[in-house]
Structure formats: structure tokens, C-alpha cells
S.K.: 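The structure follows.
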Amino acid sequence: MSISQADKRLLEGTEDFKAVASELYSLVKDLPIISPHGHVDPLLILENKPFNNPSDLFIYHDHYITRMLHAQGYSMEKLGKSDNPDHREAWRILCSNSHIFAGTASGYWLDHQLYSLFQISEPLSASNADSMYDQISEKLLTAEFTPQELLKKFNLKFLATTDDPTDDLSAHKKIAELPNLSCKIVPTFRPDKYLDPRVENWAENVAKLLASAGKKEVNYSQFILALEERRAYFIEHGAVSTDHGVFEPFTFELSQSEASNFFDRALNGSLSVDESRLFAGHMLSEMARMSTNDGLVMTLHAGVYRNHSSITLDKFGRDTGHDIPVKVEFTQNLRPLLEKYGLNPRLNLILFCLDEPTVTREIAPLASFYPSVYVGAPWWFFDSPSGLRRHRETVTDIAGFYRGSGFIDDTRAFLSIQARHDLARRVDSGYLADLVISGRIDIEVAKKIAVDLVTAVPMNAFKL
Amino acid sequence: MSISQADKRLLEGTEDFKAVASELYSLVKDLPIISPHGHVDPLLILENKPFNNPSDLFIYHDHYITRMLHAQGYSMEKLGKSDNPDHREAWRILCSNSHIFAGTASGYWLDHQLYSLFQISEPLSASNADSMYDQISEKLLTAEFTPQELLKKFNLKFLATTDDPTDDLSAHKKIAELPNLSCKIVPTFRPDKYLDPRVENWAENVAKLLASAGKKEVNYSQFILALEERRAYFIEHGAVSTDHGVFEPFTFELSQSEASNFFDRALNGSLSVDESRLFAGHMLSEMARMSTNDGLVMTLHAGVYRNHSSITLDKFGRDTGHDIPVKVEFTQNLRPLLEKYGLNPRLNLILFCLDEPTVTREIAPLASFYPSVYVGAPWWFFDSPSGLRRHRETVTDIAGFYRGSGFIDDTRAFLSIQARHDLARRVDSGYLADLVISGRIDIEVAKKIAVDLVTAVPMNAFKL
Amino acid sequence: MSISQADKRLLEGTEDFKAVASELYSLVKDLPIISPHGHVDPLLILENKPFNNPSDLFIYHDHYITRMLHAQGYSMEKLGKSDNPDHREAWRILCSNSHIFAGTASGYWLDHQLYSLFQISEPLSASNADSMYDQISEKLLTAEFTPQELLKKFNLKFLATTDDPTDDLSAHKKIAELPNLSCKIVPTFRPDKYLDPRVENWAENVAKLLASAGKKEVNYSQFILALEERRAYFIEHGAVSTDHGVFEPFTFELSQSEASNFFDRALNGSLSVDESRLFAGHMLSEMARMSTNDGLVMTLHAGVYRNHSSITLDKFGRDTGHDIPVKVEFTQNLRPLLEKYGLNPRLNLILFCLDEPTVTREIAPLASFYPSVYVGAPWWFFDSPSGLRRHRETVTDIAGFYRGSGFIDDTRAFLSIQARHDLARRVDSGYLADLVISGRIDIEVAKKIAVDLVTAVPMNAFKL
């Protein structure tokens, strides 16, 4: 399709629909992007080097793409997971398989990036692979394709990275000192591997955490203090949130002495698996307690079986496309935490999962009673055109437009950030247009909501 | 939007769609309302007093509205849960937050009531709050706004309330004697708190039940007899159904002697939690057995964690917006009951839950085999425009249009009854129109179904 | 509706939609049908007798129809489950209840068969029942209505039956020798009742299996050998796949000696239920191991509570409409199997369930990483117009169009095969048209995909 056609993506329909959806989209398409949760490496921004080549950009660092090609039978090595990848060959594999991405979210973003950044509107194919590779490679060396220039081009105003609590945040410090950077870049406190004794090398992790906070003694109260101090350090460097990735969103309340006892036994290896679960649940509650003191927003991502293929993990490491969702339960699991902190006006707790009915059944009802609970944007497999639309429909019915997190790109694929936010804006414009046309809301209300969804809503959820 | 636009709500689309949907809707829009399950207080009808004020009407007695405003950070006290509520201030809160209801079911009903009862079509806002308050208050004092007049205006022909088994039904008796009442008003037998030993104060409840049936001895057979007699008493006063609200739809079959033993031990506090669950499951089966004798229809509402926030419960009581859905399972849980009574032509068992995929996966298949099982209308969070539509689509595929309960408003918000039924009629007209246009059904069949859905279908399910 | 209107079913919409959807449908509507999994009796083809009467054709052998009429209160006897059924009376029951099928998948297929095979386009009703009965009966006696002629008419090129491992496949041998048969007909290896010691009469089943393979000794290694040899025998006679129907897709890996010990104890009745589950899980993994050797594709159908009503089972046997779906979990259950064989290029494992969100949450992500895993077509209750559409939307977002099985009719209702495949082609044409119109894919890509979905996709999944 032509680029002018591409500009109308998801805004087509009846004449009525086109008129209203386009009007709403025109209000938001150029508004700045707020990206309060994601996985961009701060060094990418700081070092500001040109991207290496098209394969590095679109394949190696996008495990959505990798997994699909892997499922077609291509080896991880051919897809770049090797010491000496053949970039051009990897690119040819992508191009000759472009049809497998048709209709997927990854395909949508890829097309968007190609036409908006590289003015490429013809479908990738085996026959144009080499010329596309050359065309893109050439552009990547131009000044406008450095990460800092792209931040401007994307109109990105706020970008959060995800960081280890022991990180000294030196990259963030240097970024903060950059002149003329158009975007605020802040760290996010991600303490998973310190909170759950079932994690591999937990004792070592704890030792590292204590050291990073200058604690000499190894006990529960120093552990808590270390976490609090590291959070404060992150806040000093701009952090607005903590992020928690868990298999289940289980929370629990141990007494101070139980927690201390569990901590000691976890360190000496005598804590059972069941007790470890209780401790991890307790620590998640502790994070909420700390948030009610220091104000950091909590984002909670639950329900993934990480690294499903141990062979792939062993050979190619994490984030290689085999994290598989599982069912998840919030109503009962979160109750201990919410009983204690759910009505506290200092807490903002944003919930994400990959179990669509659970969002409607549990998260939306929780978020439309507890002032602390927010419905996270569709995560991962569900930030597709249809997934975003289903989420908007099912959640809005119950919780309206104002209990959400705003769109979250949650990506390590820097170049796709603009494509993802633009997609969400199109889907929301379309959903609002449908509500207007079917007589459910007034056009003036729709206009306010369209703008709020990319401004007031994320700013409120993330306390910006 | 204007009132004439509002009249077309959910009936807009392509020209083809508008024509068919409007034709179907015109056949049903003025048909009488049958409301066989709900929570209107019979005293409201009997006493026939004017409504107090707009806040009382739209906020205090509608915990869908309360929960949304509470989630925005307003205290329950400000929302009317206090000894001396500031009605006008509560109303101002609602009006200045009207955008948070945009796109929700509550927002839809609220708009409908405002335009159809009060001829108000402009969106509520901070600036018109006071004038709206005055305008509505004035109308509420007019004769046409008494509950009995509204029954006529709504064209309500059948209304079931929900009542305690020990209730003497004096209100219903007096209502039955009212001259010129256009609507039949009947009680519903709701025995939850007598059937499950895990309920607080179960022993006291049982004593009260036995007393209400004039039973002197406290044992299992007298307990069963008391239930049977109270059911008979309800039937004498017009009841057509029993209602059961459970966390899980677990059923079980104890022998007579086991049941008797469990009953005694439950009373003396020596029944374990697991045994109590078995007893509750047994009593649900017993309710089915009684239904095969006395013909009362069973409605079963499963899968809610009631009163999730204990602080809110303690301070403000039940029905304050924090009942949160959980997953639910019917196929295995209901099997003991269905093995015994599922093929009995005297049993009608209508199943409701808040777990959308379970309706499609389990309830619809059960209802399209067992003559006793019916698919309950979308309950609570799912009686929204989109929820009703999804239900219609997913259930009809499997079970057709004739295994449902008909629309159930299930509300304590009296003024919203007409809005809710009208919404269901619009959604069904639209769904049928889509089937006609896509060539799946004939227009004449669609017309028959549209009418049956508000007449024959509920009358069959509730044996009216 | 007229037959020309019927031809446009599911292809109606805006002018844009009609044009694109019809163009795509025109490319596929006459392509041959590949039916790699179903339940047609090979004797039906071999004997090539005319069908008995309309009731036999549309009611007795279609338990989708039976269950719906049973739910309306008609006895199984009246619906043909008797020694001496009244065919005309059963047909009258169907006709006078045709409205209950409106909007269902069964209703859609029934209409399609009536208009495409019998040129009947008026809705069935009490008043036309007898004349329709005569009209259809007459046609059934004509030469064009023999099964072999219908194979040609349907343009069926490949049809797999489902067979017991001990079957001597004599029917298939004779079919293979038929001259001029336009369709390849092959058996499928369905070993459920030999793999799970919890199945009734498992020991007898095992004895029968060993005998069928000429094994004299009764032990685990002979059991495995018998399975391998019977698979080889099936392959010799054209089989391309094995089929597995399980309550849960649980897999497990026992050591050789454990498996041998479990086998012996299962035979002598001393294996516990939990151990039996482990053995069944182990045997499912063994099937995958054998597939990596002999290349048979595995289809796995999980999550059904079979024969829910024991009274109905006892009186009327299996496949009488009361198999009810349950929730199902793949991510964790399949992991042991996938750890061992999931990356093996010889394995194709196609997953089916009746739990819609699980398809999106678990199957699609698994299939878009593991080269061995494929997303099964919507099964059973979900191969309806709306079910097919929802599946296409939710799965494609995540896994694209190329990780599916192709459409599977999975039916014993021979006459409905063409109707079912045609429906899937219409739905896919419509979905692709929506993607084209909304700017998500190019029309040329859509054309390729439309054709691939009925050719390359099933041929790849089933290794044809």
C-alpha cells in the first residue's frame, strides 16, 4: 500500500466512522510520547551511536521477531544468536518470510517503522531483501538516525528504563547532564531477584544488594534498610516507579520476627519452598508499604512461565522468545496487600497480566473500587491492534477510561516505540468514534478523553 | 447529543443495519417488562413515597456509581455513607466526574434515565450540577415520579424482589391487595445464610429459620421441613424462584444420616471447614430436590469474593462496591446435582457467573443438553452494551436464542430498570440485524426471536 | 432467503468489504477440500449405500442437533435413539423447532446443506416438514447422493478417518483398491484407551493390543513394541497422524524401569490413581518420541468431561451430546514433552481445546516459538461463524496465519463436511478483507494467505 494509505491505518470504515475517528486521531497524533515503563538500555541514549545494521535493529533485539522465525524452523544461530552472525543472511530470512508476520502486532510495527522512518511501503520479500538492506543501512549512518535525534523525531518527552537496584545509575547521571536532550530519562527499580528466595543465587544477590547500600551486617532489618535506601537513591535520580515480575501475584503478611527468621533460614538454605513463597509474598507487600512512604508507583507484571525451553536458555540465554503465559489470579492473591495498603492514597499499583479474561473479571473491578489500583495497558502479546481494541472494550465497560495506566510500550526495541504509541492512539480513536457513532458518548467528551488518554491518564497513574 | 439522537443509540451503522435493527427494535421497544429477578425493596412500592433527592436516587443506592467515585479518591462519607450526608455536595461530585462514566454501563443507564425521565440531554458537569439538581428535585416531587406511577410508565408487568426465608412477606401481602397496580410483584426465596455452616452466625440463623416455621426441635429433619414449609409459604405469596449466591457452585450428595450428623456437628461447632463445604454442597442439591417437588425455579449466582475490603465492610457495610469476581467452574461442581435432578422436567436451574469464558465453555454446553439448565443473562459487570453483545454472540453460537433466561436487571436501582431492559432490547435487535444482514438468519425468523426474547423466553425459564 | 442471497453469506458489509471479501472468497471457494482429521466411518465410503432417510442423515448421526432438541425436552427415543425410531416424527420435531437453531453453527450448516445439496431455501417449519421429508428422501435415492459421488461433488481430495490401533484396516485396504475414487482416504491412529490405566477395562485393552501385534509376552517393552508396530502398520496404510483425546494434556517422563514397574502394577490393579496419571502422562510423551522416529503428526484434543450424564450414557451410549468442556492448561502440562521433543524437527504437535482464552494465552505463544507446535483449528463448539472469527483474530495477532493446522471439520456428519469448510473459507476471506481495508495488510498478501490457508497450511501441519 502507499504511504498515504498507510497513514489511514485502522481509521477506515463507514463515512461516519472515518470522519469521527480521523478527527479524534488528529488531536493526539502529534502529542508528545510518555513512556513510563520499558526496557531501553540507557547506554543506547548516552553513547548515541548509530545502529549497526538492519538485522541488529529489527531481528536480534526483537524477540517477537526471533520467536516467529524460530518457529518456522530457522536456528537461533542463523537469527543472530552467535558470535559471528551473518547480518545480511538473517535479513534475507526475515524478508523471505515477511508473510508470516502478516496480521501480527510485530508485522504492524515493522511496516510502520519501514514506512515512517525509511519511506519503504512495498512488502519485504526475497527479491527485494538485498536492496532494502542497503537502503536501510545507508540511512542508519545518517545523523538523523542516532538515538538522541530519534528521541526528538519521536517527540518522546519521558522515558523510563528498567534497572537493577544495585546499579549505580552512572549512565542516568550522565544523561541528566546532557545539554539539549529533549526527553527526560529516568530509571525504574526492579528488585525481583532480591525478593524471592526461590530465585537462583538468591543469597549472592542479597549480599550484592547489601553491599550496594553499604550494609555490613546480614540480617532482615539491614536487608529492608538496604532496599529502602536503594529506592531513595533511585528517586534521587528521577525514578517514579518500581517494577515487579512474578509468576503469581501472591501477597502475604509475615510478622517482623517471622520475616526475620525466614530471611535467616533462606540464607542458610533451610527455608522450604512453601515458606519461600510466603516470604516472597511478604516482600511484595513490603514493597507496597515502602511505596506508601516514598511514593514510588508499583507496576506488577504477573503470570509468565519464563524460559520454557531449558535447552534454548542454556544455549542462547534469556529473552529468546520462549516465555509463555499462564493463568493468573489477583482477587485472592492481592487481598493481603490491599487489606493493608489498598485504601492508602500514597499507593499506586498498576496490574498487568497476559490472561485476558482476568483483566475484565478481576483487575477492572479492583481498579474501579480501590483508589490505589490501576488497570495496566495490554501487555506483550496483547498490545496488537485487536488486543488493544478488545482491552479497551472490555475494560471500559467496567472501569471507564480513567482507571488505566495509559499506553505502555514495555519494549527494548527502541525504534518501535513511536509505532506502538501511534497504534494505541489509532485504536483508541477508533473505539471512541464507535462510541460516538452508536450514541454512547458525546463528541466533545470523546475529544477530551482522546487527549486525556495520552496526557492526564498516564501522568496520573505514574504521578508525573 | 439530542434526545432524538439518543433514541437511536446502538441502532446506528450502515444503511442496511439501521433499517433492520430499527425494524426489530420497533417490535419490542414498547412491550411490557418482565423482571423475574432483582433487588427492589417491596416497601418502596408499598409506601409509594417520592424519592428524596437526586443523590439518593443516583448515587447512594447505586453502588456501581459509588465504587467508581470511590476509586477516584472520594470518601464513602462524601458519597453519602454517613449519618448526615450533604446531598448537593455528593451530586456535585458526580457531575464534575461525569467523564469517568463515559463508556461504562453505569454511564449509559444514567444518561438514559436523564433523557427519558427528565428530558436532560446535556452531559452533567461541574457547571450545570446545581441547576440539574434543582431540576431533578422538582420533578421527583411530582405525582408521576412515585414508584407506583413509574411502574406504569416503565410498563413493568412482573417484578420479583429478593427476600429472606423468614420474612413474613407482609409487604407483599399488602401490595397484592393494592387496587389498580399494573404490575405483579412477587417475592424470591433466598436461603444462602441458612445453607452454609461457614456463614457467620449460622447457628443463630438456623434457629431463626426453625422459629419462623414454628419448629420446636432442632435437628436436620426439622431443618429440611422448615425450608420446605417456608418455600411453600413463599409460593402461596406468588414466588416463582429461589436465588442462591455462592462463592463456588459446588454440589454434593450426603446420605440422610451423614447430613443429619453434619448438621448436629455444625451446630455444636465441631464440623471442619471441608465438611462444612460438603454440607453446603449437599444443601444446594437439596434445594434442587425441593424444586422438583414444588416447582420453584433455581437461580444460581456463583463466583464472587464478597466484601473484599474488610475496613470498608466494617465502616460502611455490605453492598458498597467491593465485591470482586473470581474464576468459577460448573462442569464438575454441578455434576452431583445434575446426575440426580438434571433430567427432571420439574427443575429449571438458571446459571450466572462473572467469568465470561466459563459461560461459553461450560454453561452454554450444559444448557444445550440438560433440559433443566438455562443460561443466565449477563450478570452485573457484564450487562453493559458490549458485554451483552459478547454474551449474545458467544452463547448463541452454541446454545441458540432459546436456552437463556431472558434479560435480568438484577438491580436495586429502581429507576434504572427500564433503561437496562431497553439496552438489552437494543443490543439484541442489533445482533439479530447483523445475523440477517450477513445471511445467517431470515428476517421473519429474526422478528419472531426479537419478540420471543422479551416474552416467551423469560416466561419459559421462570415458568410464568 | 434466496439461494443467491445464501451464496453471499458472511460476505456482506460495506461496499469496500464486499468487494475485497468476495474477491478473496472467489479464489478459494472451489479449491479441493483437505480433511486431515475427522470421524467418518470408512465403511460409509466403501459400501457406498444411499443414506436411509432425512432423520438418519441430519438428526441421528449429528449429536449437535440431538443435544439441542434434547434440551428442549424431547426424549432421546423420539430423537432416534431407539430400536425402532419413527423417522418422520423425528423429522417433524426438527422442523417444528428450527428456530432454536437460528444463530447456531448447527443451524448454519443445516441451512447450507439444504440449499446447496437439496435447493431448499425456505426455513423448515411444522407446516412444510412432511413435504421436505419427501423431497429430501427422494433425492437421497438418486445416484448423485451416494457417498462416493458426494466425495466428488464436495471436491474432497484427502479424508482421514479415526481408528482403533487394533483395527486391521481392511476397509481402508479395500477403499485403496477402488478404481476412480477421487479422494485419498487414510486411517488415523487413536490409542487413548491403551495409554491410560484409569480407562475402564484397560488391562483387557492392553491384551487386545498385544494380540493385534502378535505379542505373546505381557510386559512394558512388548507393549511399547506393539504400539510401534501398529503405528507402522497404520503408516503402511496411509496414516499421517495419531490422535489423542485427554481430560488434561499432562505429560511426564518416567525412567524405563519406573515405566515397566508402573505397567506391571497397573495390570495387577495396584497402581494408584496418581501413579496412573503419571503413567498416562509418560505414555503421551512416548507417543511424541515415536513420532520423532516414524514421523506421524500428533493431534491432541484436551479438556472435555466425557459423558457427563451417566443415566444418558447407560441408556443411550456415548456421543449423545453430553460431553462438556472444562478448563485446560498447556504451558506447564506439556513442558516435559516439549523439553524432550519440542525442538525436534520430526515432531508436529497440533493442540486443540475448548477453552478459548487458553488458545490465545498458551497455545498461540507455544506455537510461535516451538517449531513442533501448531495451533489447532477451532474445535467443536467453536467452529461456528463467530467462533472461527474470534479464533482468527486472537490467534493471528500472536502467531500469524502460518502456525495453524488449517481448518479441521472433525465431524462424523459426512454431509456437513463441505458446509463446514466453506464456512471457514468465508470467515477467513472476511477477516483478511478487514485487514486489507483497515490497512494492516496488502491485498496481494491477502490473496496469497487466503489460498495458503486451504492448501500449504494444512499440508505443512499434517506433512501431506
Side-chain angles (χ1 to χ4, degrees), chain A residues 1 5-15 63-64 66-68 70-74 97-108 111 121-123 303-305 308-312 320-327 354-358 380-387 389-390 430, chain C residues 13-17 327-332 334-335 338-340 342-343 345 355-358 360-374 390 392-403 431-432 434-446 448-449 452 460:
Chain A
M1 79 197 69
Q5 282 173 309
D7 280 346
K8 294 180 192 155
R9 293 212 286 183
L10 305 178
L11 303 173
E12 296 286 346
T14 63
E15 293 305 316
H63 56 83
Y64 291 48
T66 316
R67 75 186 167 95
M68 290 285 282
H70 181 262
Q72 288 299 106
Y74 295 96
N97 284 281
S98 71
H99 59 288
I100 70 167
F101 296 99
T104 67
S106 295
Y108 184 98
D111 287 354
S121 64
E122 67 177 292
V304 184
Y305 196 113
H308 196 264
S309 165
S310 63
I311 296 170
T312 307
T320 40
H322 51 109
D323 296 345
I324 310 289
V326 294
K327 271 176 214 141
L354 294 158
D355 191 6
E356 278 189 304
T358 298
W380 194 350
F381 289 117
F382 296 110
D383 58 357
S384 61
S386 316
R389 168 73 190 216
R390 287 195 304 276
Chain C
T14 63
E15 293 305 315
D16 282 357
F17 177 83
K327 271 176 214 142
V328 67
E329 202 279 344
F330 287 99
T331 302
Q332 296 177 83
L334 275 187
R335 191 164 183 258
L338 292 173
E339 278 285 272
K340 227 156 167 191
L343 300 174
D355 191 7
E356 278 189 303
T358 298
T360 323
R361 186 184 55 240
E362 303 180 18
I363 297 180
L366 286 167
S368 52
F369 172 74
Y370 287 102
S372 58
V373 178
Y374 289 82
R390 288 195 302 275
R392 195 49 89 193
E393 176 183 309
T394 53
V395 168
T396 304
D397 269 19
I398 293 171
F401 287 100
Y402 287 85
R403 297 304 303 156
Y431 186 62
L432 286 163
D434 277 336
L435 293 186
V436 169
I437 290 164
S438 66
R440 289 180 61 184
I441 64 174
D442 199 272
I443 179 69
E444 294 308 318
V445 174
K448 173 186 166 49
I449 292 171
D452 282 351
N460 175 48

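Order of the sequence lines sets the chain letters (A, B, ...), proteins ahead of strands, with each chain counted from 1.
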S.K.: Go through the atoms of C:I437 and report whether side chain, backbone, both or neither lie under 4.5 Å from a heavy atom of chain A.
M.R.: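 The answer is both parts of C:I437.
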S.K.: Counting C-beta onward and ignoring hydrogens, is there a side-chain heavy-atom pair between C:V436 and A:E12 closer than 4.5 Å?
M.R.: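 No, too far: nothing below the 4.5 Å cut-off.
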S.K.: Who among A:A105, A:P357, A:G73, A:S310 has the most heavy-atom pairs with chain C under 4.5 Å?
M.R.: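 Counting heavy-atom pairs under 4.5 Å, the top option is A:S310.
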S.K.: Under 3.5 Å, is there a donor-acceptor pair linking the side chains of A:H308 and C:Y370?
M.R.: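 A:H308 vs C:Y370: donor-acceptor pair found between side chains.
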S.K.: Is there a side-chain contact between C:R335 and A:Y305, using heavy atoms and a 4.5 Å cut-off?
M.R.: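 In short, these two side chains touch, coming nearer than 4.5 Å.
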S.K.: If I take atom CD1 from residue A:I311 and atom CD from residue C:E339, how far apart are they, to the nearest 0.5 angstrom?
M.R.: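 The CD atom of C:E339 is 6.0 Å from CD1 of A:I311, to the nearest 0.5 Å.
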S.K.: Taking only Lys NZ, Arg NE, NH1 and NH2, and the carboxylate oxygens of Asp or Glu, determine whether A:K327 and C:E362 approach each other closer than 4.0 Å.
M.R.: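 No.
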S.K.: Is it the side chain or the backbone of C:T14 that comes within 4.5 Å of chain A heavy atoms, both, or neither?
M.R.: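 Just its side chain gets close to chain A.
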S.K.: Non-hydrogen atoms of chain C under 4.5 Å away: do they reach the side chain of A:T66, the backbone, both or neither?
M.R.: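 Looking at A:T66, nothing touches chain C.
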S.K.: If we define contacts as heavy-atom pairs under 4.5 Å, which of A:A71, A:G13, A:S106 has the most with chain C?
M.R.: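 Among A:A71, A:G13, A:S106, the one with the most close pairs to chain C is A:A71.
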S.K.: To the nearest 0.5 Å, what is the distance between CD on A:Q72 and OG on C:S368?
M.R.: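 Rounded to the nearest 0.5 Å, the CD-OG separation comes to 10.5 Å.
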S.K.: We want to know whether A:E356 and C:T360 form a side-chain donor-acceptor pair, criterion being a heavy-atom distance below 3.5 angstrom.
M.R.: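 C:T360 and A:E356 do not have a side-chain donor-acceptor pair below 3.5 Å.
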S.K.: Rounded to the nearest 0.5 Å, how far apart are CG of C:D442 and NE2 of A:H99?
M.R.: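 Nearest 0.5 Å value for the CG-NE2 distance: 14.5 Å.
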S.K.: Relative to chain A, which segment of C:L432 carries a heavy atom at a distance below 4.5 Å: side chain, backbone, both, or neither?
M.R.: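 C:L432 has no heavy atom closer than 4.5 Å to chain A.
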S.K.: Assess the residue pair A:T104 and C:I398 against the criterion (side chain to side chain contact (heavy atoms under 4.5 Å, CB included)); give the C-alpha distance rounded to whole Å, side-chain angles, the decisive distance to 0.1 Å, and a yes or no.
M.R.: CA-CA 6 Å; A:T104 67; C:I398 293 171; over 6 Å; no
S.K.: Side chain, backbone, both or neither: which part of A:Y74 has a non-hydrogen atom closer than 4.5 Å to chain C?
M.R.: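 For A:Y74, there is no contact with chain C at all, as no heavy atom is under 4.5 Å.
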S.K.: So, for C:L343 and A:H70, which heavy atoms are closest and what is the spacing to 0.1 Å?
M.R.: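 Taking C:L343 first and A:H70 second, the nearest heavy atoms are CD2-CE1, 3.7 Å.
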S.K.: What's the spacing between A:R9 CZ and C:L435 CG if we round to 0.5 Å?
M.R.: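 These two atoms lie 11.0 Å from each other.
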S.K.: What closest approach, in Å, do A:A102 and C:I441 show between heavy atoms, and which atom pair accounts for it?
M.R.: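 Smallest heavy-atom distance, with atoms named: CB-CG2, 3.9 Å.
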S.K.: Is there a donor-acceptor contact under 3.5 Å from the side chain of C:R440 to the main chain of A:G103?
M.R.: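 Side chain of C:R440 to backbone of A:G103, a donor-acceptor pair under 3.5 Å: yes, one is there.
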S.K.: Out of C:T396, C:T394, C:D397, which residue meets the side chain to side chain donor-acceptor pair (under 3.5 Å) rule with A:S384?
M.R.: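 Result for side chain to side chain donor-acceptor pair (under 3.5 Å) with A:S384: C:D397.
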S.K.: Can you tell me which of A:F382, A:Y64, A:F101 forms the most heavy-atom pairs within a distance under 4.5 Å of chain C?
M.R.: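 It is A:F382.
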S.K.: Is it true that a side-chain atom of C:R361 and a backbone atom of A:L354 form a donor plus acceptor pair closer than 3.5 Å?
M.R.: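 Not a single qualifying donor-acceptor pair exists.
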S.K.: Side chain from CB out, backbone as N, CA, C, O: work out which of these in C:Y431 comes under 4.5 Å of a heavy atom of chain A, or both, or neither.
M.R.: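 Contact with chain A involves the side chain of C:Y431 alone.
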S.K.: Select one option (side chain, backbone, both, neither) describing which atoms of C:A399 are under 4.5 Å from chain A's heavy atoms.
M.R.: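 Contact with chain A is through the backbone of C:A399 alone.
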S.K.: Roughly how far apart are C:F369 CZ and A:H322 NE2, rounded to 0.5 Å?
M.R.: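 It comes to 5.0 Å.
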S.K.: Mind ranking A:L11, A:T320, A:L10, A:D323 by heavy-atom pairs under 4.5 Å with chain C and telling me who comes out on top?
M.R.: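 Top option by heavy-atom pairs under 4.5 Å: A:L10.
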S.K.: In Å and rounded to the nearest 0.5 Å, what is the CG to CD1 distance from C:L366 to A:I324?
M.R.: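 The distance works out to 4.5 Å.
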